[in-house]
2 protein chains.
Amino acid sequence: MCPAYDVYEDRCPTRLVLDRLADKWALLILDHLAEGTMRFNHLRRDIKGISQKVLSQTLKRLERDGLITRTVYPTVPVTVEYALTPLGRTLAQTAAALTHWAESNMDAILAAQAAYDAAGAER
Amino acid sequence: MCPAYDVYEDRCPTRLVLDRLADKWALLILDHLAEGTMRFNHLRRDIKGISQKVLSQTLKRLERDGLITRTVYPTVPVTVEYALTPLGRTLAQTAAALTHWAESNMDAILAAQAAYDAAGAER
DNA sequence: CCGCATCCGGCGGGATACTG
DNA sequence: CAGTATCCCGCCGGATGCGG
């Protein structure tokens, strides 16, 4: 049963992983944690536009997948730090490739969209 | 405005790109088209579990973004072929890194999930 | 063969308020 | 500070039927 995993197969576990990777927030979090350990509100501040609910959910999923660690320090008030695991660090590298691709090729995409929309408008 | 794009900024165009990239179907399509030009139903058959509606929508978005080309041959019945653009090919490479990462690290993730769930169950 | 139009059910995710 | 809990709404995506 799926000895060599294949993302093209339905029901293959890799599809579950793809769902995770294909979450823009997860990508941003992974990418940002590559810069170092961070606290909850630090992530919330840096990743503009994410809600605390979604941040919380996403962090929990990433922790479950063994991609990040969650460390609680019994201070008052509580301090919680998030960091990449070795496994998470390998993923963060390929995730970084995606975000950097987005930043690098933004102009080309915007141009393509403009051309496409212009062609479609005059019909 | 946004001279150097930054994915961490809300409202930055790169966020739109991230939304595209963070679509598991788009990733699979890009990755699959890397193998060569393909017809609609060929993609539909190979990418198990995708509906024709979603396939159609995703292809249209990818075309608008200038990542793939859509060529119609006026045969009867109509033949439509999809292929990567040069821009799309560069993205397909990084997309491939993601899918291959998923296939390679599947075992580690499944193990992490099992450990996490086991720890949470006994509470 | 390659789609588009329509209906519709589910859930992802925002806003808000409350704990430890 | 770092979350949980609820409500609620939009829209994603499945199913079906039709058209070039």
Side-chain angles (χ1 to χ4, degrees), chain A residues 8 10-11 15-29 32-33 36-65 68-83 116-117 119-121 123, chain B residues 10-11 15-29 32-33 37-65 68-83 116 119-120 123:
Chain A
Y8 292 114
D10 207 2
R11 297 191 209 83
R15 282 294 179 87
L16 299 176
V17 183
L18 260 199
D19 286 338
R20 288 296 129 71
L21 305 187
D23 173 0
K24 81 172 175 182
W25 296 123
L27 282 183
L28 285 175
I29 292 173
H32 203 60
L33 278 180
T37 299
M38 280 189 196
R39 317 238 312 251
F40 188 88
N41 278 341
H42 192 190
L43 285 168
R44 175 149 174 56
R45 242 178 301 115
D46 287 356
I47 302 178
K48 317 280 178 63
I50 194 172
S51 69
Q52 75 276 45
K53 180 187 177 182
V54 173
L55 177 56
S56 179
Q57 288 175 343
T58 309
L59 286 171
K60 205 172 295 180
R61 279 193 294 239
L62 291 174
E63 186 196 2
R64 178 170 182 264
D65 291 344
I68 67 176
T69 59
R70 180 179 182 274
T71 313
V72 181
Y73 298 96
T75 57
V76 177
V78 186
T79 302
V80 183
E81 288 192 339
Y82 293 93
Y116 183 93
D117 292 344
R123 185 161 29 96
Chain B
D10 208 3
R11 297 192 209 82
R15 281 293 179 87
L16 300 176
V17 183
L18 260 198
D19 286 339
R20 289 295 129 70
L21 304 187
D23 174 359
K24 80 172 177 185
W25 296 124
L27 283 182
L28 285 174
I29 292 172
H32 203 59
L33 278 180
T37 298
M38 280 188 196
R39 317 238 313 253
F40 187 87
N41 278 342
H42 192 189
L43 285 168
R44 176 149 173 57
R45 245 179 297 114
D46 287 355
I47 302 178
K48 316 281 177 63
I50 194 173
S51 69
Q52 77 276 42
K53 178 188 179 181
V54 173
L55 178 56
S56 180
Q57 287 176 345
T58 309
L59 286 171
K60 203 172 295 179
R61 280 192 292 238
L62 291 174
E63 185 196 2
R64 178 169 182 265
D65 291 344
I68 66 175
T69 59
R70 180 178 183 274
T71 314
V72 180
Y73 298 96
T75 56
V76 177
V78 186
T79 302
V80 183
E81 287 192 339
Y82 294 93
Y116 183 94
R123 184 166 28 100

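Each chain gets a letter, A, B and so on, in the order its sequence line appears, and its residues count up from 1.
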Chain B vs DNA chain C, heavy-atom contacts under 4.0 Å, first-to-last nucleotide span, 5' to 3', is dC1(C) to dC7(C)

May I ask you to test the Lys60(A)-Arg64(A) pair for a side-chain heavy-atom distance under 4.5 Å?
no

message = Donor-acceptor check, side chain of Thr79(A) to backbone of Thr75(A), threshold 3.5 angstrom: yes or no?
response = no

Protein-proximity profile, nucleotides 1-13 of chain D, B/S/- by nucleotide at the 4.0 Å heavy-atom cutoff, equals SSSS-BB-----B

Going by heavy atoms in the side chains, are Leu62(A) and Arg20(A) under 4.5 Å from each other?
no

Rounding to 0.5 Å, atoms CG (Leu27(B)) and CG (Leu18(A)) come to a distance of 6.5 Å

**Asked** Backbone N or O of Tyr8(A) within a donor-acceptor pair of the Arg15(A) side chain at under 3.5 Å?
**Response** yes

Rounding to the nearest 10°, end axes of the helix from dC1(C)-dG20(D) to dG20(C)-dC1(D) built from five pairs each make an angle of 50°

request  = Kindly indicate, with the supporting measurements, whether the criterion side-chain contact (heavy atoms from CB on, under 4.5 Å) is fulfilled by Thr58(B) and Asp23(B).
outcome  = CA-CA 9 Å; Thr58(B) 309; Asp23(B) 174 359; 4.0 Å; yes

Does any non-hydrogen side-chain atom of Val80(A) lie less than 4.5 Å from one of Tyr82(A)? yes

Residues passing the side chain to side chain donor-acceptor pair (under 3.5 Å) test with Ser56(A), sequence neighbours excluded, are none

Side chains of residues 38-49 of chain A: which donor-acceptor pairs under 3.5 Å do they make with residues two or more places apart or in other chains?
unit_1   : atom_1 : unit_2   : atom_2 : d
His42(A) : NE2    : Asp46(A) : OD2    : 3.2
Arg44(A) : NH1    : Ile50(A) : O      : 2.7
Asp46(A) : OD2    : His32(A) : NE2    : 2.8
Lys48(A) : NZ     : Glu9(B)  : OE2    : 2.6

The side chain to side chain donor-acceptor pair (under 3.5 Å) partners of Arg61(A) (sequence neighbours excluded) come to none

